[in-house]
There are 2 protein chains.
Amino acid sequence: MATAPPPLDAVELGAYFALIEVAGLLRHAVEQQLREETDISYVQFQLLARLGLDSPTGSERMTDLADGVVYSRSGLTYQAGLLEKAELVTRGQSADDERGVTVSITDAGRAVVSRALPGHVEVIRDLLLQPLSRTQVEQLYAVLEPAREHMRAAPPRSARARRGGRSSPAAAS
Amino acid sequence: MATAPPPLDAVELGAYFALIEVAGLLRHAVEQQLREETDISYVQFQLLARLGLDSPTGSERMTDLADGVVYSRSGLTYQAGLLEKAELVTRGQSADDERGVTVSITDAGRAVVSRALPGHVEVIRDLLLQPLSRTQVEQLYAVLEPAREHMRAAPPRSARARRGGRSSPAAAS
DNA sequence: GGTAGGTGCTTCGAATCCGAAGCACATTGC
DNA sequence: GCAATGTGCTTCGGATTCGAAGCACCTACC
């Protein structure tokens, strides 16, 4: 048998496990804090924050949102429905594509973000940043950034193989 | 009251977001790979790996498992039930505590871990480690390790405040 | 010894998530 | 203009998750 499968040394394994665990614990803590102080979940906060803080126009297309928040399309549809019902966002048709849906944050949505942000930041600071030096925070960012770029490019995370077809922008186009 | 919460600067925010996103994407990829090659989910693999690789005896108490995998007690009960039904673990009473439950991995469980590990490792390597230099991997570990320790200590992650007394005073036997 | 409080695990109901399938629109080639 | 193919979002069914409540046992204190 072609054994010898564990080619990860202690540091690599440690980095992987620590990454998963730290992210999990952090997310768990933020989720709980958000649940206590606000009426929205972590995912919903992420979506609202992306719309309210990241986007200059306050609106984005569904697919872009899904890609940014990792979740599946169907999950995003579900969450967008909840947010729309809560009147924190509105859904409208995209200007270009008739089938595209543009999600826009409302004033109420911005208010929720503003109200939730302080506590959110506090958790991040207390749990993640507090035990780290400035240099370490910079290192963390410097290391994770290329990993993020690599991951975003490598697997078509949301473009699941609809079929066996090619998506290569090659000749036949 | 109106304590102006110092906002996070670009690096801090970037580190936080990158951490969440990288962990999410990585977990998603591993989850999918695991789903295709094996019959167990990511959580189940984590549990089995913890029992089979981390524990010298191959068994651990429920609470320790829950703390290590972040999830709630009820979630662990559910997963342990599934694993037991699949005959990958067994559940028995702890020696000391009559109310404690000890989970032990079976040979079939170890086999599943061995079979799943190579692909698992490959995903980690391709997605997380490949774009990083050796130094960066070491930095990642060196930075995340204190954060993990801090998080483990700071919040009683599983010791939820059991507020709320009993409803029936006496004669509840 | 007896009672009060704490801990360990499970059950329960509800919420959330995902992948597959389906529908509607867009784009291309004829 | 019309058919064929690709893309965007939603619906659907099932699986997984959590928190709260509940039961059983252990520990501390009188």
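Labels below follow one simple rule: chain letters A, B, ... track the order of the sequence lines, proteins then strands, and each chain is numbered from 1. From a predicted model like this one, the values you see are computed outputs, not experimental measurements. In what follows, every heavy atom counts, from backbone to side chain, and hydrogens, waters and symmetry copies are set aside.
Comment: D67(A) does not engage R61(A) in a salt bridge, judged by the lack of any side-chain N to carboxylate O separation of less than 4.0 angstrom. Using a cutoff of 4.0 Å between basic side-chain nitrogens and carboxylate oxygens, E122(B) and R125(B) are not scored as salt-bridged.
Residues passing the side-chain hydrogen bond (donor to acceptor under 3.5 Å, both in side chains) test with D39(B), sequence neighbours excluded: none. Shown here are the ring pair (Phe, Tyr, Trp, His ring centres under 6.0 Å) partners of Y141(B), two or more places apart in sequence or in another chain: there are none. For R35(B), there are no side-chain hydrogen bond (donor to acceptor under 3.5 Å, both in side chains) partners, not counting sequence neighbours.
Residues from residues 78-86 of chain A that place a heavy atom under 4.0 Å from any atom of DNA chain C, listed by number: Y78(A), Q79(A), L82(A). Of the residues in residues 39-57 of chain A, those with a non-hydrogen atom less than 4.0 angstrom from any atom of DNA chain C are V43(A).
Residue R99(B) places no side-chain N or O under 4.0 Å from the OP1 or OP2 atom of dT10(C). In this model, the phosphate group of dC9(C) is not approached by any side-chain N or O of R91(B) to a distance below 4.0 Å at OP1 or OP2.
Of the candidates V143(A), L144(A), L132(A), V137(A), L132(A) is the only one forming a side-chain contact (heavy atoms from CB on, under 4.5 Å) with V143(B). Partner of L83(A) under the side-chain contact (heavy atoms from CB on, under 4.5 Å) criterion, chosen from V89(A), V43(A), T90(A): V89(A).
One interatomic measurement links the two molecules: CD of Q93(B) to C1' of dT10(C), which rounds to 14 Å at whole-angstrom precision. With rounding to whole Å, E60(A) atom CD is found 16 Å from dC9(D) atom C1'. When the C1' atom of dT7(C) is taken as reference, atom CG of D67(B) falls 13 Å away, rounded to whole Å. Distance, L76(B) CG to dT17(D) P: 10 Å, rounded to whole Å. When the C1' atom of dC18(C) is taken as reference, atom CZ of R27(B) falls 13 Å away, rounded to whole Å. For the pair D97(A) CG and dT27(C) P, the interatomic distance rounds to 6 Å; values are reported in whole Å. Atom CD in E98(A) sits roughly 5 Å away from atom P in dA26(C) (whole-Å rounding). Regarding E31(A), its CD atom lies at a distance of 10 Å from the P atom of dT16(C), rounded to whole Å.
When each of R35(A) and G100(A) is assigned the nucleotide of DNA chain D with its nearest heavy atom, G100(A) is the one assigned upstream, toward the 5' end. Both S74(A) and V101(B) lie near DNA chain C, and the one whose nearest nucleotide falls closer to the 5' end is V101(B).
Among dG19(C), dT10(D), dC9(C), the nucleotide with an atom closest to any side-chain atom of T77(A) is dT10(D). For M62(B), the side-chain atoms get nearest to dC9(C) when compared with the rest of dG19(C), dC18(D), dC9(C). Side-chain proximity of R73(A) to the nucleotides dC9(D), dC26(D), dG19(C) is greatest for dC9(D).
For the residue pair S72(A) / S74(A), a side-chain donor-acceptor distance below 3.5 Å is found, with atom types taken as modelled.
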Sequence neighbours excluded and cut-off under 3.5 Å, please list the side-chain donor-acceptor pairs for residues 100-109 of chain B, or say none.
unit_1  : atom_1 : unit_2  : atom_2 : d
T102(B) : OG1    : S94(B)  : OG     : 2.8
T106(B) : OG1    : E87(B)  : O      : 2.9
T106(B) : OG1    : L88(B)  : O      : 3.1
T106(B) : OG1    : A108(B) : N      : 3.4
T106(B) : OG1    : G109(B) : N      : 3.1

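The aromatic ring centroids of Y16(A) and H120(B) lie less than 6.0 Å from each other.
Among the protein residues, R61(A) comes within range of the sugar-phosphate backbone only, with heavy atoms under 4.0 Å from sugar or phosphate atoms but none that close to a base.
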